[in-house]
There are 2 protein chains.
Amino acid sequence: MRKIPESTIRRLSLYLRFLEEFEGQGVGTVSSEALAARGGTTSAQVRKDLSFFGSFGKRGLGYGVHELARRLREILGLGRRYRVVLIGAGKIGSALVQYKGFRQRGFDIVAIYDSDPAKVGVAWNGMITRDVQQLAEDLPGLQPEIAVVVTPADAAQDVTNRLVQAGVKAILNFAPIQLDVPDDVAVKTVNRALEL
Amino acid sequence: MRKIPESTIRRLSLYLRFLEEFEGQGVGTVSSEALAARGGTTSAQVRKDLSFFGSFGKRGLGYGVHELARRLREILGLGRRYRVVLIGAGKIGSALVQYKGFRQRGFDIVAIYDSDPAKVGVAWNGMITRDVQQLAEDLPGLQPEIAVVVTPADAAQDVTNRLVQAGVKAILNFAPIQLDVPDDVAVKTVNRALEL
DNA sequence: GTTTGTGAAACGATTCACAGCT
DNA sequence: AGCTGTGAATCGTTTCACAAAC
């Protein structure tokens with residue numbers, strides 16, 4: 001029982017959200033069936049997902065809402081805070097700085113960079129946008145766990161190289177391009193597109 | 001060779017984007033290998049994806065960039081326009097009305113609804129927000145192919161019921177809830193959340 | 001009696017590997 | 001010689017089904 005499916009992780013955060021709902025409604029215990037109904041999966045799926053990490057339920061009874069929520073937060077690494085640098089102070093970048101959910105989920109933006117002289121020096125949420133040229137120099141002091149790349153596609157790979165060079169091991173990429181990184185660096189590219 | 005993987009469809013629109021890039025660069029022909037490199041997959045994957053829909057390449061040569069792009073647009077139903085109604089004139093809703101990419105991709109918003117009296121009557125892009133109570137009455141005249149639900153979670157199911165009742169067969173759901181619909185209605189729930 | 005936890009079976013997607021066309 | 005198209009093999013995920021726990 002080693003490798004955990006990526007899809008399991010995605011569902012785990014869903015479950016957590018539902019548990020928090022149940023918690024708010026004063027529900028003390030849920031069955032895998034109830035969780036599944038809320039999330040549009042099956043009870044077997046819920047149980048298998050959880051079983052990757054241990055056994056948190058009581059047979060014949062279900063799961064303690066509060067306890068399971070706690071365990072999930074633990075598994076998902078919530079409660080822990082992450083230092084993140086943001087590269088790109090354009091539209092998405094500045095939206096992210098102001099987005100409260102980001103901070104709520106444990107992500108603290110500790111610096112913002114841009115290459116456009118018109119954007120450098122502008123303050124967002126009390127943080128002054130710095131020149132991307134200073135990135136290499138600043139990173140050792142910032143010690144960010146995560147970098148968020150929100151540059152145009154043509155700048156993304158260059159920025160990524162600098163980040164990797166400086167030892168960043170996790171990148172969240174909003175640029176519409178496949179970033180080339182060493183195996184020990186995790187990249188998650190998010191697709192800002194709608195399709196049907 | 002009947003059922004086409006959902007993931008194949010997702011990749012197809014990626015391929016199309018890359019082909020348009022190549023087209024812009026005056027490239028006349030691509031191999032599956034070249035497309036794969038651009039998109040971070042493998043050549044076998046590209047060929048298998050395309051093979052679900054026919055054989056568009058020339059052995060020993062590759063694919064005609066222009067022709068393949070045309071075929072993909074055809075397969076993906078682009079070029080066709082869709083009439084969409086938007087339910088919810090809140091933050092995301094109003095962003096969507098103004099989002100140009102939506103229209104560019106063939107989606108024409110033909111009406112906007114909200115239940116909040118303060119929002120009803122407000123014009124977005126020259127379109128006046130109407131009261132959601134009028135939905136049932138209006139839909140037969142609007143004949144929308146798609147409805148986009150951007151209401152709060154507690155209103156979403158109710159709105160959905162009305163839409164289904166009126167014969168809408170495709171719903172794009174931004175509310176953080178699992179919508180319950182008959183089998184012949186397609187729902188795509190999009191998750192406005194960031195995780196890592 | 002109810003509901004979990006989990007091997008085993010079924011299913012679905014990706015990768016391999018090669019025959020066949022250009 | 002080069003590259004596609006595709007069955008067959010492989011790999012990963014979901015579903016089944018049931019013994020064990022309460």
Side-chain angles (χ1 to χ4, degrees), chain A residues 1-16 18-19 22 27-72 75 178 183 189 191 195, chain B residues 1-16 18-19 22 27-72 75 178 183 189:
Chain A
M1 200 192 280
R2 266 288 54 80
K3 220 180 158 298
I4 286 120
E6 145 101 29
S7 43
T8 290
I9 305 286
R10 255 203 313 279
R11 281 190 300 266
L12 250 36
S13 34
L14 272 185
Y15 301 156
L16 178 55
F18 302 150
L19 286 168
F22 289 135
V27 178
T29 220
V30 272
S31 62
S32 55
E33 187 59 47
L35 257 183
R38 180 62 184 79
T41 8
T42 66
S43 58
Q45 180 79 77
V46 170
R47 292 199 303 277
K48 173 78 38 166
D49 283 343
L50 296 174
S51 81
F52 283 113
F53 300 95
S55 39
F56 311 126
K58 291 201 206 345
R59 293 168 191 231
L61 249 179
Y63 301 87
V65 168
H66 190 72
E67 199 214 331
L68 186 54
R70 191 173 52 73
R71 303 301 283 268
L72 286 185
I75 293 162
Q178 188 66 23
D183 285 350
T189 296
N191 219 322
E195 42 238 84
Chain B
M1 199 192 280
R2 267 286 56 78
K3 222 180 158 296
I4 287 120
E6 144 102 31
S7 44
T8 289
I9 304 286
R10 254 202 315 279
R11 281 190 301 267
L12 249 38
S13 37
L14 272 186
Y15 301 156
L16 178 56
F18 301 150
L19 286 168
F22 288 136
V27 177
T29 221
V30 270
S31 63
S32 54
E33 187 59 45
L35 256 184
R38 179 62 184 79
T41 8
T42 66
S43 58
Q45 181 79 77
V46 170
R47 293 199 302 278
K48 172 80 34 167
D49 283 342
L50 296 174
S51 79
F52 283 112
F53 301 95
S55 40
F56 311 125
K58 292 200 205 346
R59 291 169 193 230
L61 249 178
Y63 302 86
V65 169
H66 191 71
E67 199 216 332
L68 186 55
R70 192 173 52 71
R71 303 301 286 269
L72 287 185
I75 292 162
Q178 187 66 21
D183 286 350
T189 296

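These values consider heavy atoms only, across backbone and side chains, with no hydrogens, waters or symmetry-generated copies. Chain naming here is simple, since letters A, B, ... match the order of the sequence lines and numbering starts at 1 in each. These numbers were taken from a predicted model, which means no experiment stands behind them.
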Rounding to a whole Å, what distance do you find between [X]:[atom1] and [N]:[atom2]?
X        : N       : atom1 : atom2 : value
Leu68(A) : dT3(C)  : CG    : C1'   : 14 Å
Phe52(B) : dT14(C) : CZ    : P     : 8 Å
Lys3(A)  : dT13(D) : NZ    : P     : 6 Å
Glu33(B) : dG5(D)  : CD    : C1'   : 16 Å
Arg10(A) : dT13(D) : CZ    : P     : 10 Å
Leu35(B) : dG5(D)  : CG    : P     : 12 Å
Glu6(A)  : dG12(C) : CD    : P     : 21 Å
Ile9(B)  : dA13(C) : CD1   : P     : 11 Å

Report yes if at least one side-chain N or O of [X] is closer than 4.0 Å to OP1 or OP2 of [N]; otherwise report no.
X        : N       : result
Ser31(A) : dT3(C)  : no
Tyr63(B) : dG2(D)  : no
Thr42(A) : dT15(D) : yes
Arg47(B) : dA17(C) : no

Touch class at under 4.0 angstrom, heavy-atom based, for Thr8(B) against every strand present: nothing
Sugar-phosphate only, base, or nothing, as touched by Ser7(A) at under 4.0 Å among non-hydrogen atoms: sugar-phosphate
Listed nucleotide nearest any side-chain atom of [X], set [options]:
X        : options                  : result
Ser32(A) : dT4(C), dC21(C), dG5(C)  : dT4(C)
Pro5(B)  : dT3(C), dG2(D), dA13(C)  : dA13(C)
Gln45(B) : dC18(C), dT14(C), dT4(C) : dT14(C)
Ser51(B) : dT4(C), dT6(D), dT15(D)  : dT6(D)
Lys48(B) : dT14(C), dT6(C), dT4(C)  : dT14(C)
Arg59(A) : dT14(C), dC3(D), dT3(C)  : dT3(C)

Rounded distance (nearest 0.5 Å) linking atom CD1 of Ile75(B) with atom CD1 of Ile9(B): 8.5 Å
Rounded distance [0.5 Å steps], CD in Gln45(A) versus CG in Asp49(A): 4.5 Å
Full working for side-chain contact (heavy atoms from CB on, under 4.5 Å) between Leu68(B) and Leu16(B): CA-CA 8 Å; Leu68(B) 186 55; Leu16(B) 178 56; over 6 Å; no
Whichever of Thr41(A) and Leu61(A) has its nearest DNA chain D nucleotide further upstream toward 5': Thr41(A)
First encountered from the 5' end of DNA chain C, between Leu50(A) and Gly60(A): Gly60(A)
Considering all heavy atoms, the nearest Ala36(A)-Ser43(A) contact: CB-N, 3.5 Å
Minimum heavy-atom distance Arg38(A)-Gln178(B), with the two atoms named: O-CB, 3.8 Å
Any donor-acceptor N/O pair, Thr29(B) side chain to Tyr63(B) backbone, under 3.5 Å: yes
